[in-house]
Structure formats: structure tokens, C-alpha cells
Trainee: 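Sharing a structure, written as C-alpha cells. Questions coming.
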Amino acid sequence: MSSTTGKDLTTGEHGTAGSLVNDPLAVGESAEAFENPGLPEHRHRLSDASPAGAKKVERQVALIFGLSMLASIVGVWGYFAFPMDATLGNVRYSTLSIGLGLGLGMLGIGVAAIHWAKALMSDVEQVDERHAQRSDDQTRTDAVQLLKDGAQDSQIGRRPLLKGALVGAVALAPLAFVVPLVGNLGGTWNVNAMRHTMWRQGTRLARDPDGALIRPEQVTIGSVWHVIPDGLNESEHMLEEKAKAIVLLVRLDPSELKVQPGREDWSWQGIVAYSKVCTHVGCPVALYEQQTHHLLCPCHQSTFDITDGAKVVFGPAKRALPQLPITVDDEGYLVAQSDFHEAVGPSTWERQRPIRGEDY
Amino acid sequence: MASAPTTPAAKLAAGTGDFFDTRIGAGKLVKEFARKVFPDHWSFMLGEIALYSFIVLLLTGTFLAVFFVPSMTEVHYPEDALPVTMRGVEMSEAFASTLHLSFHVRGGLLMRQIHHWAALLFMASIVTHMMRIFFTGAFRKPRELNWVVGFTLMILGLLAGFTGYSLPDDVLSGNGLRIADGVAKGIPIIGSYVSFLLFGGEFPGTVIIPRLFTAHILLVPGLILALVAVHLILVVVHKHTQYPGPGRTNRNVVGYPLFPVYMAKAGGFFFVVFGVLAIMGATLSINSIWNYGPYDPSPVSAGAQPDWYMLFLEGALRLMPGQTEFVTWGGYTVSLNILVPGVVVPGILFTSLAVYPFLEQWASGDKREHHLLDRPRNVPTRTGVGVAILTAFIILALAGSNDIIATHFHLSINEITWVFRVLFLVGPFIAFMVTKRMCLALQRRDRELVLHGYETGRVVRFASGEYIEVHQPLTDAERWVLVQHEPARPLEIGSAENERGVARPGYKKLQRRQKVSNFFFADRVEPVTPAELAHAHDSHGASAVEGADDHASLARPERESLEAGSGAQH
Ligand code: HEM
Ligand code: FES
């Protein structure tokens, strides 16, 4: 085998590894193997043998082409027949008639052509020779010589200064293209912006999406409220702010609530507010199970226990959902005490690091 | 030119031919390519399906691009437009124009649906085409580079799909983008900056749709088009591989000529693919975005699914336990729960596919050209590896639907997730072992067939009173398919010292290489040789004549040679 597989690793200091193969096409030609029996005899088809058979195929093919033409005409008719300004029914008929016309028109051409090829065109197999990809030795030698001559002409080998200058210039030139491109892509690059939200001390909680303000007595035990900061819908960067500021509000029986140390006054009579942005990769955590008080993220099923600081009980998220400290203002509406005390949403590399110049 | 053309049509043809030949030497091209031979097999159509669905994508995509508005400017959907549920709703122009395209442009909904079905078929055909190339060994020398080109096309196909899926700016695709944003943020050190780079600032921003649009209609298809050209040129340069069979050798290619047979068959097949996709677009609704609504960061429904080719990433994200996120000394967060499924798992999956041809060649040491395809059973380790990769992919994709499985079968999501976690770790190994064993068993059956022929069901009684079943020997052509392949054996590296008793340098490296080679080729069943066949016939004859004595050994006559074949390290 090793004579034909082209690599002999059994001997020699350097081995003959990598030595050139004599005949790269010699596969399956060993003397101890069976001999290829050669192409089988050609068998004729019905349509080859009888002119009537061939005539029949001709008629079939023509018929299928004919059906294709008919279908294409139906497709064009469908365009004119169903104006798209009135009813959903018209939308359906237009789609169906144009689509079936187009589809059957195309399908007909395909079926007819393939039938033609299979039944009428010659089915005698033909044989082409293969040649090895490798150029012959003379061509290789010539090629190498040509390259050497060219390199010689350029004098690049003799003038290292030019080599260095060329490499330097070519390496630097693209920068004037790439730097503006990449530089502009990130907008302000102020990545710390995502560590703050619209919530401030006194921002009222409002219902998503209509913006109605919320009084604690409206929040009955077991009900769940999707909440946005009041004024969000009028803010300049509405979607960006909303993507960070969405909150879920739930009222629990205070006896069920395990208050987290340091957060004794963050809830209001059993009403707790948690960020709705999943700490995994940021989907809205929208599903609330009343019996278990679990919040489920529909994207990858991270499950958070709302009675216990919204800690993760299952799934690919690690961190608890950040809690929004809330209270009630003079007019009896639910309000935030401050922004979240940590960055909401997916983990970033620097989320736990202080922001320079801010005590966060 | 033998005789001067006489009919007007013939004159026109001759004139046209002369026009092009005297300007671009068309004659030489026709002579070179017109009767080029292509082998025939259904599995060679998989690449064609990919090509044709790509052309359908270009055509329907052009239609869509005429009416789609890639802008995130907020508008209110007109009060007199369809569908009724969207009237007055605030949405981006991208979403509004998609609605308009679906309900107020004749043929618009049709083109959207054809486009989406074509995208799904494109990815499906790419993946099955890749499987055909892998399992038949069509990637072997000299086609390794074309494998790499094809692999790049697959990645570009994923990108094309993801960028296109996100364009309508609906709730579902918007959440897909949000997941992409979260994964980007999880990259150590530069994650936040990558997120800003993609979205031009904070998510979602106002530039992502126009950016995706440029990528989806210019960059990605441009690259695909260029690489498809390279891919097909290489197919012509190498000439297509063929399955082994009588008359087919490593030095020839047997089949039908490009003109007219392939022109008609392959050309016709394009119309079949287009036709089927158009009929699907007409009758099967897909991605009805008005049921989801425009993107809003707040709502999301359970059971939402990305297109099938992204499911494996989704599944990987679902399986990774969250405990793997940690904070380093100094307060930096490392999100292995995102890095592993989002970067490491697909990285391993894709890298191992991309480099596989080179790895196998390194293990076999075979530097020859291979134009005859392997029957997958004849390369048990490769086939096992392929099935293992496929198994991992399928398990991840199923895990990407674990919520649907849970609600459908009334199972607990936690338990299903645990089952998939375990399956993902052990499934590929089991798949590898089982597949490899099955290949070896199939090869043994092939040997059995070659040595003893088909069972005829006819039983004959000998004078000695013993019964045997009459076997019908294979024809030469039938046998050839089962015996034509070369046995692949592990690399031989010789002894650690050379003839003069000096230690060979680099021998450690060689030993490592031999280990890999053994993994690939040590377990094997070698094809029957003419000598073995002659021996089997002799003993058959002898037993027929001499009666019972030889029958004990006849029962499993190939056994010895098998063991010799599978154990030996020549
Ligand atoms: C845009 C996607 C692709 C298109 C349009 C495409 C198209 C084609 C076509 C038409 C052929 C000839 C017919 C056939 O053997 O099926 C072919 C051959 C081939 N393709 Fe692809 N392909 C694509 C992706 C891939 C991928 C993902 C791989 C593997 C990583 C690949 C590897 C190959 C190889 C090695 C051949 C030569 C096969 C042989 O000669 O037996 N291609 N491709
Ligand atoms: S985004 Fe919530 S689990 Fe992944």
C-alpha cells in the first residue's frame, strides 16, 4: 500500500515524507485486486426502438409545454382579475392565481424538458479521460523560472529597503478606510449609557403600553402589571429607553415575600417591581406563574422566583432580575425611589466595574 | 465548415457563430465544453437545488427590494389599509412597507412567501449537499479547496437567512436581534463595543434595519454569487466525481454530455424547483408578521421559533446552565453561559467541519487524487464522525424547541432540559459507535455476498443426507461494486531507530500521528480479494463433492480472513 498512498513514513532520518507521487490517479489498481469488468452493454429504450414510441413521447412533451403556457396565461389573468385594494379575499385569490399560474408554468417547462431528455435524447453513456491536476515537471520548472525571473527583474531580493517600504505602505493605507468606517459604526460609543435607565427618584409607574398611572390599591394580590416609566412614550429615544426600563409589578402576600437584606423598604405593602429584561441575553421576561410565583423567560426558559428577590431557580441566566425600589407619592401613585442599583439586562464584561467619575 | 449554410435560419446561426468566434473565440469554448461529460446520480442534484433556490432568491428578492422601505422611522399605519388589526398602529416604515407589500401590491405576498420558502430550501439543500459530499468522501484531494469554498457558502447562507429574517422589524425577528445583542454583549472585554458597533449605539437604535438591508441585498448575496462562481468553476476543473461501478475508474468520468442532455435535465430541473417554490408560495402561508405585530421591546409570546437553521444556536443557549457565569478578581464578568453556546460550541462544530478533509488526509497519508466516491459503509470512522456531528446538531435544534416539546407532551421543561443536556454530551458518542459498528456489519455482509452469492431459498439434499441452501453467485458487475475499494489501513511508521540504531528525530510526532491514523483505520473489514474468492469457490466445490467433513469450517469461512484483516498492523 505505501507505494501507492504516496507517503512512506517507515524509514529515514527525514523520512521520504512528502515525496512526490508517481501517479496520483492510481487508485484501485493493485495487482491483487479484482479487475474492473468494464461498462455494461447499452440497453435500448422503447422510444429508441420504435418511431411510434418516439412520436408518443413527442406528443406528451408538447402537451406538457402547452399546459405550461396555459398556466402562465392564468397567472397574468390573476394579476388583472383581483385588485388588491378591497378585501382580504382578493389578496388570497390574487396570491393563489398568480402563484399557481407562475408555478405550474415553470413546473411544466421543467417536467417537459426532463421528459424530453430522458426519453428522446441519446442515453448512451460517454466516457471522458481524467488528467491529474498537477502540471508536468517541465511546466513546473518553467513556472518557477518565470517567477524567479520576474523577482529578479523587480530587484526586490536585492533591495530590502524597498521591501520594507512596500509592506509598510500597504499595511497602513487601508487604515484610512477602516478607521472612519469602524469609528462611525458605533455612534457615540458611550457604552456606559446602557447602565442607566429612565427611572429617577419620583418617576411614576405607568401601565404598558397606554401610560395610565398606577395606585397601589389597584394592584390586587396575584395580579401582574407590565410597567413603563411615566413619560416614556413622549421621550426622544423611546424604544431604546423602553428596552431598558420595562418593569414587572406584582403584589404578593407579605408573608410569602422574603425581603432581601438592605432592601427592606424597596417594596410597598407586598408590591414588588423587578426589571423585565432577562439577565441572560435580554428578552422580556413576560410569563408569570401565579401558583409558584415564578417568572419565566420565554426565550430560553430562565426561571426567576419573585418571592425571593427574583433569583434564578433554573435556566441559563445567572443573576437575579434587578429590583426597582418603589414607594407611593403624596398623590397616592406608585413611584420609583431611584434608578435601578445595578445595570439591567445581559451581563457585560464591565457591568460590575465602577464608571469613572461617577459613584454608581 | 463542411458545406455552406442554405436556409435563412442556418445562415443566421452561422453568422452569429462567426460574430462571437472572431471576437471572443467562442468556437474554442464550445469545443471545450459542449460535450463535456457529467455523471448522473440523484444525490448530485442537491447542489443544483441549492443553486436554483439561490437564483429564485435573487429574482424574488429583487421584486421585494422594489417595494420594501428599509427605515426605522416611526409611522402610523393608514386607517384605510389592510389588515384591519394594524390600522393606526405605530410601527417602523420597514414593518409598514412589508404590510403594504403583502396586502396592496399584487403578487407581493406571493413573492414574500416564495422568497421565504426558497430561503428555507436553500439552507436545507446546502446542508444535505454538504452531507452528501462528506459521507461519500467527495472532499478528498483534489477537492479540499472546493470543500472550503462550499463551507464558506454555508456560513454565508446562515448570514443571509438571519439578516433577511430580521428585516420586517416584527416582534419575533426583533427578539432575535435582541438575543444577538445579548450574545454580543457577553463577549469578554469588547462585548459592549461590539453591541454598539452593530446597532450604532444602544439597542435597538435606528440604524440596524438599514444596515441589515445593505448586508442582506448587497454584501452577502454578492459574496455568495462570487463564491458560487468559484465553486462551479472548480467543479468543472476537477470534473465531477462518480460513484464506483463497472467501467468507472479513477481515470475516467462516465455520463452524459452537457449539451444537450445536461442542459435539458439540469435546465429543466431549475424550472421544477422554481415551479415547486412558486406553488408553495401560493398555497402555504409563512411568516405572517401581522399576527405578531411591529417590534416593541416589551411583549413576547411563548413558543416563538427562529427559522430551522438557527435553532441549534437557540438550543445551545437554552442548555447551558447559568451557574457558569462568574466575576473575576477585579470585578470583570465572564459569561461562560453565553460564550460557550454562542461562540465555543458553534466554533467547534464549524471548525471541525472546515478542517475535516485535511485531518483525514493527514491521518491516511494518502496524497493521491480521488475521483471515485466512497460508499459510506466502506469508511466507518468518517461515517461515524459525520453522524455524530449531525446528531449533536439535531439534539441542539430539538433543544431549541424544548418549550414546544414540553407543552405538546405535557412534560416539565426542567426535566426536558436535563435530558437534552445529557443527550448532547453522550448522544454523539453513542451515534458514533453505533454507526461505525453498523458500517462494519454492512461491510461483512458485502463480503458474505461476494463469497457466497445470494440466497435463493432453494434447498438441496446431498447424498450424505445433509441439506444445504443453493446460493446464486454475483455477476461480475454486481461483485465489482462490492470489491472495488482499496482497504484503508493505518499509517506505518516503522521503528523508533533507523538502520544505524540511531533514534529517529520527530518520532514522537509520528507516533501521535499514528494514533490518529489508528483511530480512523484500525477497525476495518477489508474487501474480498480474488484469491479469497477462489479459495471460497474451491472449498465449496470440495464440500459439494466430499460431503460433510468440511462443513463446519464452511459455516463461517470468511471469519479467519476477517480477523486477520481487522487486527493486523502491516
Ligand atoms: C450556496 C451553496 C452551494 C451551492 C449553490 C453549491 C452548488 C454545487 C453544485 C451545483 C455542485 C455540482 C453538483 C453536486 O455535486 O451536487 C457542487 C459540487 C460540490 N460542492 Fe457545492 N454548493 C454549495 C455549498 C457547498 C457546501 C456547503 C459544501 C461543503 C462544505 C460544498 C462542497 C462541494 C464539493 C466538494 C463539490 C464537488 C463534488 C463532486 O465533484 O463530487 N458545496 N456544489
Ligand atoms: S433571554 Fe431570558 S432566558 Fe435567555
Trainee: Picking from A/L100, A/N184, A/V285, which has the most non-hydrogen pairs under 4.5 angstrom with chain B?
Mentor: A/L100

Trainee: Go through the atoms of B/L533 and report whether side chain, backbone, both or neither lie under 4.5 Å from a heavy atom of chain A.
Mentor: side chain

Trainee: Flag the one option from B/G281, B/A477, B/G205 with the top tally of heavy-atom pairs under 4.5 Å to chain A.
Mentor: B/G205

Trainee: Going through the checks in order, is the disulfide (SG to SG under 2.5 Å) test met by A/C278 and A/C283?
Mentor: CA-CA 5 Å; A/C278 188; A/C283 283; over 6 Å; no

Trainee: B/S298 versus chain A, heavy atoms under 4.5 Å apart: side chain, backbone, both or neither?
Mentor: both

Trainee: Does a side-chain N-to-carboxylate-O contact under 4.0 Å join B/E202 and A/K244?
Mentor: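 Salt bridge flag = yes for A/K244 with B/E202.
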
Trainee: Check this for me, if you would: do B/K239 and A/E129 make a salt bridge, where the nitrogen-to-carboxylate-oxygen distance has to be below 4.0 angstrom?
Mentor: no

Trainee: Which bit of B/I114 is near chain A, if near means a heavy-atom gap under 4.5 Å: side chain, backbone, both or neither?
Mentor: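 Contact with chain A: side chain only.
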
Trainee: Identify which part of B/P299 has an atom lying under 4.5 Å from any heavy atom of chain A, answering side chain, backbone, both or neither.
Mentor: backbone

Trainee: Is B/L317 close to chain A through its backbone or its side chain, or both, or neither, when contacts mean heavy atoms under 4.5 Å?
Mentor: both

Trainee: Between B/D403 and B/R318, is there a side-chain N and carboxylate O pair less than 4.0 Å apart?
Mentor: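 Looking at B/R318 together with B/D403, the answer is yes, because their closest N to O distance falls below 4.0 Å.
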
Trainee: Is there side-chain contact between A/F65 and A/I109, with heavy atoms separated by less than 4.5 Å?
Mentor: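 Yes, their side chains come closer than 4.5 Å.
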
Trainee: Identify which part of B/V237 has an atom lying under 4.5 Å from any heavy atom of chain A, answering side chain, backbone, both or neither.
Mentor: both

Trainee: Side chain, backbone, both or neither: which part of A/Q133 has an atom under 4.5 Å from a heavy atom of chain B?
Mentor: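 Contact with chain B: backbone and side chain both.
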
Trainee: What option among A/I98, A/V182, A/D128, A/D123 has the most heavy-atom pairs under 4.5 Å with chain B?
Mentor: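 Highest number of pairs under 4.5 Å: A/D128.
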
Trainee: Between B/L510 and chain A, which part of the residue has a heavy atom less than 4.5 Å away: side chain, backbone, both or neither?
Mentor: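 Side chain only.
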
Trainee: Name the region of A/A112, side chain, backbone, both or neither, that has any atom closer than 4.5 Å to a heavy atom of chain B.
Mentor: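 Neither part.
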
Trainee: Is A/W116 in contact with chain B via its backbone, its side chain, both, or neither, using a 4.5 Å heavy-atom distance?
Mentor: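 Neither part, no heavy atoms under 4.5 Å.
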
Trainee: Counting heavy-atom pairs under 4.5 Å to chain A, which of B/L277, B/V254, B/I189 comes out on top?
Mentor: B/I189

Trainee: Pick whichever of A/V312, A/L296, A/I228, A/N190 has the most heavy-atom pairs under 4.5 Å with chain B.
Mentor: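 Answer, by heavy-atom pair count under 4.5 Å with chain B: A/N190.
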
Trainee: Where does B/S102 contact chain A at under 4.5 Å (heavy atoms): side chain, backbone, both or neither?
Mentor: backbone

Trainee: Using non-hydrogen atoms only, which part of B/H485 is less than 4.5 Å away from chain A: side chain, backbone, both, or neither?
Mentor: neither

Trainee: Looking at A/V124, A/T188, A/L287, which one has more heavy-atom pairs under 4.5 Å with chain B than the rest?
Mentor: A/V124

Trainee: Below 4.5 Å, heavy-atom pairs only: which of B/A399, B/G191, B/G200 has the largest tally toward chain A?
Mentor: B/G200

Trainee: Decide, yes or no, whether a salt bridge links B/D476 with B/R479 under the criterion of side-chain N to carboxylate O below 4.0 Å.
Mentor: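 Between B/R479 and B/D476 there is a salt bridge, with a charged N closer than 4.0 Å to a carboxylate O.
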
Trainee: Go through the atoms of A/D208 and report whether side chain, backbone, both or neither lie under 4.5 Å from a heavy atom of chain B.
Mentor: side chain

Trainee: If you measure from the Lys or Arg side-chain nitrogens to the Asp or Glu carboxylate oxygens, is any gap between B/R248 and A/E125 under 4.0 Å?
Mentor: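 Yes, charged N to carboxylate O under 4.0 Å.
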
Trainee: Please test A/Q301 against B/N402 for side chain to side chain contact (heavy atoms under 4.5 Å, CB included), starting from the C-alpha separation and ending with a verdict.
Mentor: CA-CA 9 Å; A/Q301 288 87 41; B/N402 61 356; 3.0 Å; yes

Trainee: Side chains of B/L82 and B/H104: closer than 4.5 Å at any heavy-atom pair?
Mentor: yes

Trainee: Please flag which part of A/A317 lies under 4.5 Å from any non-hydrogen atom of chain B: side chain, backbone, both or neither.
Mentor: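 When you check distances to chain B, only backbone atoms of A/A317 fall under 4.5 Å.
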
Trainee: Measure distances from A/T348 to the heavy atoms of chain B and classify the residue's part below 4.5 Å as side chain, backbone, both or neither.
Mentor: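 Both backbone and side chain.
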
Trainee: Do A/R195 and A/E350 sit within salt-bridge range, that is, some charged N less than 4.0 Å from a carboxylate O?
Mentor: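 No salt bridge links A/R195 with A/E350.
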
Trainee: Counting heavy-atom pairs under 4.5 Å with chain A, which one of B/I279, B/V183, B/V528 comes out on top?
Mentor: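 Highest number of heavy-atom pairs under 4.5 Å: B/I279.
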
Trainee: Heavy atoms only, distances under 4.5 angstrom: which of A/A243, A/A113, A/G282 has the most pairs with chain B? Name it, please.
Mentor: A/A243

Trainee: State plainly whether the residues B/D40 and A/K118 are in salt-bridge range, i.e. N to O under 4.0 Å.
Mentor: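 Salt bridge: no.
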
Trainee: What part of A/H237 gets within 4.5 angstrom of chain B, counting heavy atoms only: side chain, backbone, both, or neither?
Mentor: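 The answer is neither part of A/H237.
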
Trainee: Return the minimal non-hydrogen interatomic distance between A/P346 and A/R319, and the atom names on each side.
Mentor: C-NH2, 3.7 Å

Trainee: For B/P142, which atoms come within 4.5 Å of any heavy atom of chain A: side chain, backbone, both, or neither?
Mentor: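 Answer is side chain: those atoms of B/P142 sit under 4.5 Å from chain A.
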
Trainee: Can you tell me which portion of A/A33 sits under 4.5 Å from chain B's heavy atoms? Options are side chain, backbone, both or neither.
Mentor: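 It is the backbone, since no side chain atom gets that close.
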
Trainee: At a heavy-atom distance under 4.5 Å, which candidate from A/P83, A/S97, A/C297, A/G108 has the highest pair count against chain B?
Mentor: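 Between A/P83, A/S97, A/C297, A/G108, the count favours A/P83.
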
Trainee: Go through the atoms of A/T87 and report whether side chain, backbone, both or neither lie under 4.5 Å from a heavy atom of chain B.
Mentor: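 Only the backbone of A/T87 comes within 4.5 Å of chain B.
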
Trainee: Using non-hydrogen atoms only, which part of B/E314 is less than 4.5 Å away from chain A: side chain, backbone, both, or neither?
Mentor: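 It is both, since atoms from each part get that close.
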
Trainee: For chain A, which candidate among B/G315, B/S192, B/A264 shows the most heavy-atom pairs at distances under 4.5 Å?
Mentor: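 Winner by heavy-atom pair count: B/S192.
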
Trainee: Between A/K276 and chain B, with a heavy-atom cut-off of 4.5 Å, which part of the residue counts as in contact: side chain, backbone, both or neither?
Mentor: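 Only the side chain of A/K276 comes within 4.5 Å of chain B.
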
Trainee: A/Y79 versus chain B, heavy atoms under 4.5 Å apart: side chain, backbone, both or neither?
Mentor: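 For A/Y79, backbone and side chain are both near chain B.
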
Trainee: Does any backbone or side-chain atom of A/P209 lie under 4.5 Å from a heavy atom of chain B? Answer side chain, backbone, both or neither.
Mentor: neither

Trainee: Need one label for A/S122: side chain, backbone, both or neither, based on atoms under 4.5 Å from any heavy atom in chain B.
Mentor: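 Contact with chain B: backbone only.
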
